[in-house]
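Since the structure comes first, as structure tokens, the remarks are kept for the end.
Here is how names work: the chains are called A, B, and so on, in the same order as the sequence lines, proteins then strands, and each is numbered from 1. Only heavy atoms go into these numbers, but all of them, side chains included; no hydrogens, no water, no symmetry mates.
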2 protein chains.
Amino acid sequence: MTEPSAVGRDPEAVSKFVEGFAAQLVEAGMQRMAARVFAALLASDSGAMTSAELGEQLQVSPAAVSGAVRYLAQVHMVSREREPGSRRERYRVHSDQWYEALTSRDAVLKRWEHTLREGVDSLGVTTPGGQRIAETLAFFEYLQGELGQLMERWREHRDKTFGQG
Amino acid sequence: MTEPSAVGRDPEAVSKFVEGFAAQLVEAGMQRMAARVFAALLASDSGAMTSAELGEQLQVSPAAVSGAVRYLAQVHMVSREREPGSRRERYRVHSDQWYEALTSRDAVLKRWEHTLREGVDSLGVTTPGGQRIAETLAFFEYLQGELGQLMERWREHRDKTFGQG
DNA sequence: CGCTTCTTTCAGAAATTTGTGAAGTTAAGG
DNA sequence: CCTTAACTTCACAAATTTCTGAAAGAAGCG
């Protein structure tokens, strides 16, 4: 048995993790290719890969990579970097920022809240359905506020654990 | 203009909300039919509907309803009730419990954590990729603990706001 | 400017998902 | 027991999504 940490990355082990984690992201609703690209970046050495590297590792076309990173950038799970002096682009996962995207999906939550508010209005706050929706709305509003604080506490906790641990 | 709260439910307004909210749930990764069934229940008067009622309102076959409620029950977003003295079943959304399912997806989080832990192990904690995954894992562990407390605070908050407000 | 390298867009093929009708299963009530 | 009302399962058709190859678009570099 080879020792991954000694010889560097074991491509098979990496691939196993990438595909496994990607499958779970897919199950949670993410597009397959985006999930695979994301998992590959997460497991990469530098946290950044070029389109060619991604296509090579995942055995997919440049077009597929392009679509995936467009989506990932849109939801702030990766950022794009231009390599100076080249058209080559580099896609990076900021380990300290990607999961913030998960919790601070402001835009998404805001739209949910808008739809729920419309629902309360058009059903009427006095109807049972309206009240049920109003409670759901209140929950999301509460959640949004709390998540912000939660993330602050997490950063503190992380700095203690990882920063000097 | 009719007054929904006076004349009872305005089917058009209900449908507009149901389809709109369902669309957002779909965008967030939920199956279309499950989303529609769930939204219909949320907007319903009693918070519960029979298979026939759902099929009628959403214009879909019994088979589609069956599949949708099976999924929804699995993720604890609705519960099934047997009407005593009849084979007819009733599907209910507990307004105070469905969004708890959103935050306390223990099983899902546990599986994510398991996959991430495997990833750390097989890449090695000393590799950059391993460390990045370890931080993600730590975040999810933290999140899981915090969400439990968050939900307790929410219940308190809700009781104050809705219980006697 | 034009060449070259990289990325994006697009039409279409392939794969997957979704919803239906029909048959199958289960249990209440005579 | 048999009938019947309800739910579920299954094979298949339809719709949607996903990925590819090819062509088009951008930008560095001579």
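Nucleic acid contact for B/R80: sugar-phosphate only, since backbone atoms but no base atoms lie under 4.0 Å from a heavy atom of the residue. Residue B/V65 is out of contact with every strand shown, counting any heavy-atom pair closer than 4.0 Å.
Side-chain contact between B/Y71 and B/M33 is absent, with no heavy atoms from C-beta onward closer than 4.5 Å. Using a 4.5 Å heavy-atom cutoff, the side chains of A/V120 and A/L116 are not in contact. Side-chain contact between A/V60 and A/L54: absent, with no pair of heavy atoms (C-beta onward) separated by less than 4.5 Å. The shortest side-chain heavy-atom distance between A/E146 and B/H157 does not fall under the 4.5 Å cut-off. Taking the side chain as every heavy atom from C-beta outward, B/Q131 and A/F162 never approach each other to under 4.5 Å.
For the pair A/Q31 and B/V69, both in contact range of DNA chain D, the more 5′-proximal nearest nucleotide belongs to B/V69. Along DNA chain D, the nucleotide nearest to A/A63 and the one nearest to B/A63 differ in position, and the one closer to the 5' end is contacted by B/A63.
Comparing D/dC7, D/dC19, D/dT9 by their nearest atom to the side chain of B/S51 picks out D/dC7. Which of D/dC10, D/dT20, D/dC19 sits closest to the side chain of A/M33 comes down to D/dC19.
One atom, OH of A/Y71, and another, P of D/dT18, lie 10 Å apart when rounded to the nearest Å. One interatomic measurement links the two molecules: CZ of A/R70 to C1' of D/dT18, which rounds to 13 Å at whole-angstrom precision. Rounded to whole Å, the distance from CD on B/E53 to C1' on D/dC7 is 15 Å. For A/R36 and D/dT18, the CZ to P distance is 13 Å, given to the nearest whole Å.
Residues A/V26 and B/L109 do not share a hydrophobic cluster, defined by chaining ILVMFWY side chains whose heavy atoms lie under 4.5 Å apart.
If you check residues 84-93 of chain B against DNA chain D, the residues with a heavy atom closer than 4.0 Å are B/R87, B/R88, B/E89, B/Y91, listed by number.
If you walk DNA chain C from 5' to 3' and mark each nucleotide with an atom closer than 4.0 Å to a heavy atom of chain B, the marks span C/dG19 to C/dG29.
Each side-chain hydrogen bond (donor to acceptor under 3.5 Å, both in side chains) pair with one or both residues in residues 13-22 of chain A, not counting sequence neighbours, appears once here: A/E19-A/R36.
Between A/R88 and A/E53, no side-chain nitrogen of the basic residue sits less than 4.0 Å from a carboxylate oxygen of the acidic one, so the salt-bridge criterion is not met.
Under the 30°/60° scheme for interplanar angles, the aromatic rings of A/W154 and A/Y99 are found to stand perpendicular.
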